[in-house]
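Working notes for the structure below.
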Amino acid sequence: MPALVPKRVKYRKAQRGRRRGMAWRGSRVAMGEFGLQALDNAWVTNTQLEAARVALSRHVRGGGTIYLRVYPDKPVTKKPAETRMGKGKGMPEQWVAVVKRGRILFEMEGIPEAIAKEAMRVAASKLPIRMRCISRGHAEAAS
């Protein structure tokens, strides 16, 4: 599978923005039976998302369906090492998904609950934020 990067973007360089508040959209399990919900605000990079996705799919061994609910569409720029100040903004270095607390990152269906929870725990260890596994009947948002 190719890396999680957009094919085209309207602007090559984006402003940093703020990482605060809660996710109102995408905070409920919509497509699967179990979801992996963020408990912190963060930028999650495309490599971190891909590592978590691979860990999920390996743990369930091809059974069930995995849904990725976020996409890294924000470019993060970086200036080269040992560069003097000024001379404009650096080149896009990586792509991140802006994740607010309460957001569902992954969903799964078609596998038993025990295997799903263990797979979600393994995938959560690949991500830089605290996560929790929730099921479809879970109505409460992250607090």
Side-chain angles (χ1 to χ4, degrees), residues 1-62 64-111 113 115-143:
M1 184 175 174
L4 291 169
V5 293
K7 288 188 181 85
R8 295 175 60 229
V9 288
K10 190 167 185 181
Y11 299 107
R12 282 183 354 155
K13 300 174 183 178
Q15 293 189 341
R16 294 175 70 84
R18 290 193 172 191
R19 283 179 264 182
R20 43 187 291 192
M22 285 181 62
W24 294 103
R25 294 169 188 255
S27 59
R28 299 227 166 111
V29 178
M31 296 177 279
E33 298 167 25
F34 307 101
L36 193 60
Q37 187 177 45
L39 298 176
D40 297 322
N41 299 335
W43 283 350
V44 181
T45 67
N46 55 350
T47 52
Q48 290 164 344
L49 283 172
E50 181 65 13
R53 187 193 66 77
V54 167
L56 269 179
S57 58
R58 286 214 175 127
H59 202 277
V60 298
R61 292 194 182 94
T65 309
I66 298 170
Y67 300 100
L68 178 63
R69 293 278 309 271
V70 295
Y71 193 80
D73 56 358
K74 181 186 187 76
V76 175
T77 61
K78 193 170 183 215
K79 304 263 292 211
E82 300 178 12
T83 304
R84 292 186 177 186
M85 300 296 283
K87 304 276 192 282
K89 192 169 181 172
M91 291 282 101
E93 193 75 16
Q94 63 184 359
W95 295 86
V96 298
V98 179
V99 174
K100 295 192 172 185
R101 68 181 193 271
R103 184 83 157 108
I104 305 288
L105 273 69
F106 291 96
E107 289 187 21
M108 300 177 80
E109 68 178 359
I111 53 171
E113 183 173 1
I115 295 173
K117 292 213 184 236
E118 180 62 21
M120 293 286 192
R121 187 191 64 75
V122 170
S125 69
K126 307 288 182 193
L127 298 168
I129 50 178
R130 294 180 304 131
M131 308 291 284
R132 74 173 175 185
C133 182
I134 63 172
S135 57
R136 183 179 274 282
H138 199 275
E140 168 203 351
S143 50

Pro6 versus Pro72, closest heavy-atom pair with distance
CD-O, 3.6 Å
To the nearest 0.5 Å, how far apart are CD in Glu33 and CD in Glu109?
6.0 Å
Could Arg101 and Asp40 be called an ion pair, given the rule that one side-chain N must be under 4.0 Å from one carboxylate O?
no
Where the side chain of Glu93 meets the backbone of Thr77, is there a donor-acceptor pair that is under 3.5 Å apart?
no
Do you know the tightest heavy-atom contact between Leu4 and Trp95?
O-CB, 4.4 Å
Is there a donor-acceptor contact under 3.5 Å from the side chain of Lys74 to the main chain of Arg16?
yes
Rounded to the nearest 0.5 Å, how far does CE of Met108 lie from NE2 of His59?
9.0 Å
Leu105 to Ala38 - nearest heavy-atom pair and separation
CD1-CB, 4.0 Å
NZ/Lys89: more than 12 non-hydrogen atoms of other groups inside 6.0 Å
yes
Output the distance between atom CD (Gln94) and atom OG1 (Thr47), rounded to the nearest 0.5 Å.
6.5 Å
So how far is it from Ile111 CD1 to Phe34 CZ, rounded to the nearest 0.5 Å?
7.0 Å
Interatomic spacing from CD1 in Ile66 to CZ in Arg53 - rounded to 0.5 Å:
7.5 Å
Verify, without hydrogens or angle tests, whether Glu107 (side chain) and Val29 (backbone) share a donor-acceptor contact under 3.5 angstrom.
no
Closest non-hydrogen atoms of Gln48 and Val44, given as atom of the first, atom of the second and distance, are OE1-CA, 3.5 Å
Please say whether more than 12 non-hydrogen atoms of neighbouring residues, nucleotides or ligands are located less than 6.0 Å from NZ in Lys79.
yes
Starting at CD of Glu118, measure out to SG of Cys133 and round the result to the nearest 0.5 Å.
10.5 Å
Tell me, with the steps shown, if Lys13 and Met91 meet side-chain contact (heavy atoms from CB on, under 4.5 Å).
CA-CA 8 Å; Lys13 300 174 183 178; Met91 291 282 101; 3.7 Å; yes
Atom of Ala55, atom of Val122 and distance for their closest heavy-atom approach:
CB-CG1, 3.9 Å
Audit row: Met120, Arg132, side-chain contact (heavy atoms from CB on, under 4.5 Å) steps and yes/no
CA-CA 8 Å; Met120 293 286 192; Arg132 74 173 175 185; over 6 Å; no
Take atom CZ of Arg58 as the centre, draw a 6.0 Å sphere, and report whether it contains more than 12 heavy atoms from other residues, nucleotides or ligands.
no
Ignoring hydrogens and angles, tell me if any N or O in the side chain of Lys100 forms a donor-acceptor pair with the backbone of Arg20 under 3.5 Å.
yes
Looking only at heavy atoms, the pair that brings Arg69 and Arg103 closest together is O-NH2, 3.2 Å
Which of Leu49, Ile129, Asn41 passes side chain to side chain contact (heavy atoms under 4.5 Å, CB included) with Val99? Answer is Ile129
Just by modelled atom types, is the Ala30 backbone N or O under 3.5 Å from a matching donor or acceptor in the Arg136 side chain?
yes
Is the side chain of Asn46 donor-acceptor paired with the backbone N or O of Val96 at a distance under 3.5 Å, no angle test?
no
Heavy-atom check, side chain of Leu36 versus side chain of Leu127, under 4.5 Å
yes
